[in-house]
Amino acid sequence: MLKVENVTKYYGDFKAVDNLSFSVKKGEIFGLLGVNGAGKTTTFRMIMNLIEPSSGNITFDGRKINYDITDKIGFLTEERSLLTKMTVKEQILFYGALKSLDNDVILKRLDKLLERFGISEYKDRKINTLSKGNQQKVQFISAIINEPSLLILDEPFSGLDPINIELFKSVILELKEKGTSIIFSSHRMDHVELFCEKLVILVKGKTVLEGYLKDIKKDFRIKRIVIEGDVNKKDLLKINGVLSVNENANGFIVNIEDEKFAKDIFNYLKTRKNINKYVVEEPTLEEIFVAKVGEAYGK
Ligand code: ATP
């Protein structure tokens, strides 16, 4: 289990991470979320032992993270870091060696992974001749060649088409099933919702929301109502408790302050003809994220 306890990081006088605590169990997928500059990369670097926390503790399976332990961590960084003049095989041999693996072990794993990602034919091709999506696959393979116990994925889906997103998703879920602890970071809340059971949202290094996604959604007072039919946006905005009304191709999404205002919307809909749909739903993670980050910025 990864444990981050009361971790603070200063760069000079600037506090980039402020008293952060969370834990990620074996086989759990954890979301570390925040807007640009919130402190996510700084946190990853501290977990990887690349920089020291100013205070607090980070342990994996009860031990302070050192080079032995980082050999068992995989890190897919947001900024791509492939050595593009190398071939795929040379690149993976290089990363595998950094993780203290023998060449024969690396090559055996590489063949399996290339097959899993459907890019076996590119093994001896230079990376700069591969498409962006295939380069991303190579980057992902380099992050998991050490069969990590802890895997950090920073924007793993960037540049991928929907088919490859599905492929990455199934590989990530296989790793979870095998017991890998995974930290996932993305600005795409729909992607975070695909996986993360537990999450933290950071604003300027401080935690503004944490817990299990299921509980966060249940406890969040703002609800969304999906309406399809003949309604008027201006009328909806006048109703008690309505925070916003968004129109899309099918109808309207109305955000209300609290579930108790749903009946006011329902009463309004009774005055309209041709209503095809009225559903009260839990908010999306994106709506929660925007509300929580907005609150923290005093908006
Ligand atoms: P993004 O989503 O844009 O990648 P982030 O959440 O990863 O952002 P960090 O890169 O951890 O954010 O940065 C947190 C804060 O710390 C930012 O205000 C950044 O400018 C600052 N910072 C990061 N690295 C350094 C450094 N080496 N020296 C000084 N300040 C830094």
Side-chain angles (χ1 to χ4, degrees), residues 2-24 28-60 64-65 70 73-82 132 135-136 139-140 142-143 148 150-160 165 168 172 181-211 213 216 284-299:
L2 175 76
K3 252 191 171 170
V4 173
E5 291 171 293
N6 308 108
V7 165
T8 294
K9 176 68 188 176
Y10 281 94
Y11 293 113
D13 291 338
F14 177 73
K15 207 192 262 186
V17 172
D18 188 356
N19 201 28
L20 175 64
S21 297
F22 64 87
S23 62
V24 190
E28 195 165 59
I29 306 186
F30 179 83
L32 184 64
L33 313 176
V35 292
N36 295 123
K40 302 175 299 285
T41 309
T42 301
T43 304
F44 294 148
R45 292 196 175 133
M46 290 190 286
I47 294 170
M48 288 299 294
N49 205 19
L50 297 170
I51 53 174
E52 280 274 317
S54 308
S55 61
N57 282 310
I58 302 179
T59 55
F60 191 71
K64 193 170 158 18
I65 294 181
T70 50
I73 303 180
F75 188 11
L76 179 73
T77 54
E78 187 185 7
E79 60 289 346
R80 303 300 170 230
S81 54
L82 294 168
K132 218 163 100 186
Q135 290 192 14
Q136 180 71 348
Q139 179 108 22
F140 195 90
S142 62
L150 173 67
L151 177 62
I152 299 173
L153 299 173
D154 196 358
E155 295 289 358
F157 303 132
S158 76
L160 293 181
I165 290 180
F168 272 51
I172 293 169
S181 307
I182 298 169
I183 305 183
F184 179 86
S185 187
S186 174
H187 293 121
R188 290 279 306 268
M189 294 302 135
D190 51 340
H191 291 162
V192 176
E193 286 207 61
L194 288 176
F195 298 108
C196 295
E197 299 136 286
K198 215 166 130 187
L199 56 89
V200 153
I201 297 179
L202 295 179
V203 172
K204 295 184 192 162
K206 263 201 165 88
T207 301
V208 294
L209 189 68
E210 65 171 310
L213 183 57
I216 287 173
T284 62
L285 183 57
E286 170 123 17
E287 286 161 346
I288 295 174
F289 182 88
V290 170
K292 277 287 161 187
V293 173
E295 228 171 69
Y297 276 99
K299 283 179 195 154

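Please read these numbers as outputs of a predicted model, since none were measured by experiment. By convention here, the first residue in the shown sequence is residue 1. Order of appearance sets the numbers: ligands from 1, and atoms from 1 within every ligand.
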query = What is the distance from atom CD1 of I51 to atom NZ of K9, rounded to the nearest 0.5 Å?
reply = 4.5 Å

query = From I172 CD1 over to L151 CG, what is the distance, rounded to the nearest 0.5 angstrom?
reply = 7.5 Å

Pocket residues of ligand 1, ordered first by chain and then by residue number (heavy-atom cut-off under 4.0 Å) = Y11, F14, A16, V35, N36, G37, A38, G39, K40, T41, T42, E78, H187

ask   = Can the positive tip of K40 be found less than 6.0 Å from the middle of the six-membered ring of F44, inside 45° of the ring normal?
value = no

query = Got a second to check how far D18's CG is from T8's OG1, nearest 0.5 Å?
reply = 5.5 Å

request  = Using modelled atom types only, decide if a donor and an acceptor are shared between the side chain of S186 and the backbone of H191 within a distance under 3.5 Å.
outcome  = no

inquiry  = Can you tell me how far apart CZ (F30) and CG (L150) are? Round to the nearest 0.5 Å.
reply    = 11.5 Å

